[in-house]
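Before any comments, here is the structure.
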Amino acid sequence: MTSYASTRGMQYTRQTTCYYKTCIPHHWATIRIEKGVKKPQPQMLKSPAANGIIERDETPMEKEIAHLHRVDFEFSDIFYFCRKGFEAIVEDEVTQRFSSEELVSWNLLTRTNVNFHYISLRLTVVWVIGVIVRYCFLLPLRFTLAAIGITSMIVGTTMVGQLPNSSVKNYLSEVVHLTCSRILVRALSGTIHYHNKENKPQKGGICVANHTSPIDAIILTNDGCYAMVGQVHGGLMGVIQRATVKACPHVWFERSEIKDRHLVTKRLREHVADKSKLPILIFPEGTCINNTSVMMFKKGSFEIGGTIYPVAIKYDPQFGDAFWNSSKYNIVSYLLRLMTSWAIVCNVWYMPPMVRKEGEDAVQFANRVKSAIARQGGLTELPWDGGLKRAKVKDTFREEQQKNYSKMLVRNGSIGSLSTGTESD
């Protein structure tokens, strides 16, 4: 028979094990949550290699190859290019910017890690309740608000457009645009925090911002009116464009005109020259990026002249993914994903106006503005063209690497000749 002491010992062991399995993890989790609330982490500028699946060696080609101190080509030179090629195949800096940002934890939306389809029954029940709330309650309400906002935009701008040009027409146009934009933001359960409103774009200026989604324009017009710049579309978007241009001096281009850079620049300069017109809103990247980085700004927006008002937009993906992957989702599927998310939460920073410095060309000015937006929004700054989303890499990029390598060989060859001549003397 088992003794009393051994029985008590077994009971004590079970109680101790139960305590460590239940109490300590909950206590530890509580401490972690309290620390996270008390000490929020500041938003830092991310490096290009952050959160990557490989660790890159950022040593320049010249330092890697030139330290060998020889003149002619050697077979070992290809190792540098091979490694860079392998890194690009495994994980390049461009492709990952056109897919949804990875989340630290699951936000109970359908976009999640495929390796975690099932975790626990309790979490599954919570997710099912969330689906019912989002699709049965939020979606109908949001769809109704969106229909009201779009209809009001078309009807209101059409009616205001019939008035003669005057200050009254401009005032009514701004009222219609602001009211309808705010209804559309409510349709997305938008929670937007605007910072440094004293730097808001002024009339006659150019507002440039990083681009993540078609709703970027609605996010900004929720706090002020802008003259939009873009290509003429068909369908519902075309109806909205034709209605709004009657009440507000938007700049829409036909497909044939937008390829003519000089014609586009001329029309924009004419708009900026009139200080009574609304500031132009431009997204210089030319395509949607997943809000983790800022890619190359097209220089056309910075050749116009005038004052540039940079704006940084940063979404919180924990409540909903605002990025539009146009190669994967059409506009209807994208809007459905937005309206079935929990909310659209973002921060907008108005930055001090910037002007082109003396001796600075348009490319340098564009890069300076891009760097300022990246720093403010905590985004990674990349030199690549967003057009690589659909186009192939230009031959000039490969030729540039070839030229750098040949220049390095020539420079090393001249150094080798000088050292040989000195030794012979």
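- Residue pairs meeting the side chain to side chain donor-acceptor pair (under 3.5 Å) criterion with at least one partner in residues 144-162, sequence neighbours excluded, are absent.
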Inset, instruction - Would you sort out whether V160 and V175 count as a side-chain contact (heavy atoms from CB on, under 4.5 Å), showing the intermediate values? - result: CA-CA 10 Å; V160 173; V175 170; over 6 Å; no
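- Not counting sequence neighbours, the partners of V355 by the side chain to side chain contact (heavy atoms under 4.5 Å, CB included) test are T307.
- K314 places a side-chain N or O within donor-acceptor distance of the main-chain N or O of N291, the cut-off being under 3.5 Å.
- A side-chain hydrogen bond (donor to acceptor under 3.5 Å, both in side chains) with Y315 holds for exactly one of D216, N290, D321; it is D216.
- For the atom pair CE of M296 and CG of L382, the computed distance is 12.0 Å after rounding to the nearest 0.5 Å.
- Between E198 and Y350, every side-chain heavy-atom pair lies at or beyond the 4.5 Å cut-off.
- Residue pairs meeting the ring-ring contact (aromatic ring centres under 6.0 Å, His included) criterion with at least one member in residues 142-170: none, sequence neighbours excluded.
- If you take OG on S301 and CG on L268, they are separated by 7.5 Å, rounding to the nearest 0.5 Å.
- Evaluation of the salt bridge (Lys or Arg N to Asp or Glu O under 4.0 Å) rule for R356 yields no partner, not counting sequence neighbours.
- Shown here are the side-chain hydrogen bond (donor to acceptor under 3.5 Å, both in side chains) partners of E360, two or more places apart in sequence or in another chain: R368.
- Residues N210 and I289 fail the side-chain proximity criterion, which asks for heavy atoms closer than 4.5 Å.
- Between Q364 and D361, some side-chain heavy-atom pair lies under the 4.5 Å cut-off.
- Interatomic distance, C180 SG to N222 CG, rounded to the nearest 0.5 Å: 12.0 Å.
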Legend entry - Step-by-step side-chain contact (heavy atoms from CB on, under 4.5 Å) determination, F137 to I132: CA-CA 7 Å; F137 293 96; I132 295 174; 4.3 Å; yes
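- Every pair passing ring-ring contact (aromatic ring centres under 6.0 Å, His included) that includes a residue from residues 186-225 is listed here, sequence neighbours excluded: H195-W349, H211-F283.
- Q376 has its side chain out of reach of I373: every pair of non-hydrogen atoms, C-beta onward, lies at least 4.5 Å apart.
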Inset, instruction - Just do the side-chain contact (heavy atoms from CB on, under 4.5 Å) check on I154 and I240 with the steps written out, would you? - result: CA-CA 6 Å; I154 295 174; I240 297 175; 4.1 Å; yes
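- Pairing each heavy atom of V272 with each of G305, the nearest pair is CG1-O, 4.4 Å.
- Qualifying side-chain hydrogen bond (donor to acceptor under 3.5 Å, both in side chains) partners for Y329, counting only residues two or more places apart in sequence or in other chains: R337.
- K298 places a side-chain N or O within donor-acceptor distance of the main-chain N or O of E285, the cut-off being under 3.5 Å.
- Every residue was checked against the side-chain hydrogen bond (donor to acceptor under 3.5 Å, both in side chains) condition with S166, not counting sequence neighbours, and none meets it.
- Remark: K197 pairs with D223 by the salt bridge (Lys or Arg N to Asp or Glu O under 4.0 Å) rule, at least two apart or across chains.
- Across S293 and L379, no two heavy atoms sit closer than the pair CA-CB, 4.0 Å.
- Between Y135 and P140, the shortest heavy-atom distance links the atoms O-CD, 3.5 Å.
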Inset, instruction - Go through the steps for L184 and I150 under the test side-chain contact (heavy atoms from CB on, under 4.5 Å), then give the verdict. - result: CA-CA 8 Å; L184 293 175; I150 294 174; 4.0 Å; yes
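- Considering CG of L188 and CD1 of I183, their distance stands at 12.5 Å, rounded to 0.5 Å.
- Remark: the backbone N or O of G224 is not paired with any side-chain donor or acceptor of H177 at under 3.5 angstrom.
- The side-chain heavy atoms of M351 and Y309, taken from C-beta on, include no pair separated by under 4.5 Å.
- Sorted by first and then second residue, the salt bridge (charged side-chain N to carboxylate O under 4.0 Å, His left out) pairs with a member in residues 178-194 form an empty list; sequence neighbours excluded.
- T221 contributes a side-chain N or O that, together with a main-chain N or O of I218, makes up a donor-acceptor pair within less than 3.5 Å.
- Rounding to the nearest 0.5 Å places CG of L338 at 5.0 Å from CD1 of I215.
- Note on ring orientation: taking the six-membered ring where Trp is involved, the planes of F302 and F365 are perpendicular (angle over 60°, cut-offs 30° and 60°).
- Remark: S189 engages R142, A343 in a side chain to side chain contact (heavy atoms under 4.5 Å, CB included) (not counting sequence neighbours).
- Across all non-hydrogen atoms, the minimal contact from N199 to P352 is ND2-N, 3.6 Å.
- Minimum heavy-atom separation, I308 to P310: O-CD, 3.4 Å.
- For the residue pair G320 and S341, the shortest heavy atom distance occurs at CA-CB, 3.9 Å.
- More than 12 heavy atoms of other residues, nucleotides or ligands sit less than 6.0 Å from atom CG of N330.
- The line from CE of M354 to CD1 of I206 is 13.0 Å long, rounded to the nearest 0.5 Å.
- Crowding of K357 atom NZ: a count of heavy atoms from other residues, nucleotides or ligands under 6.0 Å not exceeding 12.
- Proximity of V294 to E381: side-chain heavy atoms (C-beta onward) are nowhere separated by under 4.5 Å.
- In this structure, H250 and Q241 have side chains that are not in contact, with every pair of non-hydrogen atoms separated by 4.5 Å or more.
- Take K328 and apply the salt bridge (Lys or Arg N to Asp or Glu O under 4.0 Å) test, not counting sequence neighbours, and it matches no residue.
- A heavy-atom distance below 4.5 Å is found between the side chains of T212 and F323.
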